[in-house]
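Here the structure comes first, spelled out in structure tokens, and everything after it is commentary.
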Amino acid sequence: YGRPDMALFKFTKKILEDEPIDVYNNGDLDRDFTYIDDIVDGIINLVNLNPKNRVERHDIYNIGRGKPVRLMDFIEELEVALGKEAKKNFLPMQAGDVPKTWADTSKLEMDTGYAPKVNLKEGVKSFVDWYLGHYSNTTIRV
């Protein structure tokens with residue numbers, strides 16, 4: 001499962017239902033999309049980290065892909081995986097938003113050897129396959 005309020009869930013649902021998706025800053029955004037298996041690997045790496053290697057008892061780590069992806073590339077991959085073009089409602093930047101974000105995973109990489117393995121295309125395709133199978137007989141509420 002995942003958070004149905006996140007872009008991948010919301011966009012997938014709306015595309016399948018022929019509803020427009022809201023695309024902020026006219027699509028000129030970059031985000032760090034990370035496949036769940038890579039997040040789990042990062043957590044497992046931290047659980048297995050030798051306490052002798054820790055600088056402090058409660059270190060803070062970012063877990064993500066560490067590479068920003070253009071929002072429009074993300075949407076295009078989703079359209080390919082669904083076999084359907086999205087209706088896009090292009091909007092200005094939301095107040096308080098930023099044009100580019102990504103996780104700085106350098107500490108996690110240095111301390112555990114963490115390296116995400118699932119690329120955008122594979123991750124989106126796997127998600128869509130799961131989504132279609134999981135929600136085929138379910139009403140989705142977001």
Side-chain angles (χ1 to χ4, degrees), residues 1-50 53-142:
Y1 294 101
R3 287 180 43 200
D5 61 319
M6 299 300 285
L8 190 53
F9 276 87
K10 286 181 7 180
F11 288 0
T12 299
K13 179 180 185 292
K14 287 185 178 230
I15 292 168
L16 289 172
E17 294 177 353
D18 290 319
E19 293 181 19
I21 60 173
D22 289 340
V23 182
Y24 292 97
N25 203 35
N26 297 304
D28 189 18
L29 296 170
D30 290 51
R31 295 294 183 261
D32 192 358
F33 298 102
T34 312
Y35 191 67
I36 187 63
D37 289 359
D38 288 332
I39 298 293
V40 171
D41 285 348
I43 293 168
I44 290 170
N45 286 356
L46 287 168
V47 168
N48 292 329
L49 185 62
N50 183 338
N53 295 341
R54 294 184 185 161
V55 176
E56 296 183 24
R57 183 179 168 149
H58 301 289
D59 288 335
I60 296 172
Y61 293 90
N62 284 326
I63 303 177
R65 181 133 185 91
K67 296 176 183 168
V69 171
R70 285 184 57 243
L71 178 61
M72 295 308 296
D73 291 343
F74 172 76
I75 292 169
E76 287 171 18
E77 287 298 339
L78 187 53
E79 290 171 327
V80 168
L82 289 169
K84 189 172 188 178
E85 187 173 344
K87 295 176 182 174
K88 299 167 193 81
N89 182 28
F90 289 101
L91 299 167
M93 181 75 98
Q94 295 184 92
D97 204 352
V98 294
K100 189 173 191 173
T101 63
W102 69 97
D104 177 358
T105 60
S106 57
K107 180 176 170 48
L108 184 61
E109 291 169 26
M110 182 176 58
D111 290 354
T112 71
Y114 172 79
K117 298 174 185 76
V118 181
N119 67 38
L120 180 68
K121 182 179 186 122
E122 295 167 326
V124 169
K125 174 75 170 93
S126 291
F127 171 82
V128 166
D129 290 346
W130 170 83
Y131 186 99
L132 293 174
H134 184 76
Y135 289 112
S136 62
N137 297 317
T138 308
T139 301
I140 305 160
R141 292 184 179 90
V142 177

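Both backbone and side-chain heavy atoms feed into the values below; hydrogens, waters and symmetry mates do not. Being a predicted model, the structure only gives us computed values, none of them experimental.
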Given side chains that start at C-beta, do those of [X] and [Y] come closer than 4.5 Å, heavy atoms only?
{"X": "V80", "Y": "K125", "value": "no"}
{"X": "L132", "Y": "L16", "value": "yes"}
{"X": "D111", "Y": "Y61", "value": "yes"}
{"X": "K10", "Y": "D22", "value": "no"}
{"X": "I75", "Y": "L71", "value": "yes"}
{"X": "I43", "Y": "I63", "value": "yes"}
{"X": "L46", "Y": "L108", "value": "yes"}

Would you compute the distance between atom [atom1] of [X] and atom [atom2] of [Y] and round it to the nearest 0.5 angstrom?
{"X": "T112", "Y": "L49", "atom1": "OG1", "atom2": "CG", "answer": "7.0 Å"}
{"X": "N26", "Y": "L91", "atom1": "CG", "atom2": "CG", "answer": "7.5 Å"}
{"X": "Q94", "Y": "L29", "atom1": "CD", "atom2": "CG", "answer": "8.5 Å"}
{"X": "L8", "Y": "K13", "atom1": "CG", "atom2": "NZ", "answer": "14.0 Å"}
{"X": "R70", "Y": "R31", "atom1": "CZ", "atom2": "CZ", "answer": "13.0 Å"}
{"X": "E76", "Y": "E85", "atom1": "CD", "atom2": "CD", "answer": "9.5 Å"}

Backbone N or O of [Y] within a donor-acceptor pair of the [X] side chain at under 3.5 Å?
{"X": "K84", "Y": "I15", "answer": "yes"}
{"X": "D32", "Y": "T101", "answer": "no"}
{"X": "K88", "Y": "A86", "answer": "yes"}
{"X": "K87", "Y": "D18", "answer": "yes"}
{"X": "D38", "Y": "V118", "answer": "yes"}

For the residue pair [X] and [Y], what are the closest heavy atoms and their distance?
{"X": "F90", "Y": "G27", "result": "CD2-N, 4.2 Å"}
{"X": "G66", "Y": "W102", "result": "O-CD1, 3.6 Å"}
{"X": "E122", "Y": "N119", "result": "N-OD1, 2.8 Å"}
{"X": "D41", "Y": "K117", "result": "OD2-NZ, 3.7 Å"}
{"X": "P92", "Y": "Y24", "result": "O-CD2, 3.4 Å"}
{"X": "Y114", "Y": "G64", "result": "OH-O, 2.8 Å"}

For this session: Please determine if D30 and R65 form a salt bridge, counting it only when a charged side-chain N lies under 4.0 Å from a carboxylate O.
Result: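 Answer for the salt bridge query: no.
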For this session: Output, in order, the C-alpha distance, side-chain angles, deciding distance and verdict of side-chain contact (heavy atoms from CB on, under 4.5 Å) for K107 and D59.
Result: CA-CA 10 Å; K107 180 176 170 48; D59 288 335; 3.7 Å; yes
Problem set entry | Test of ring centre spacing under 6.0 Å for F127 and Y35 |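 F127 vs Y35: aromatic centres not under 6.0 Å.
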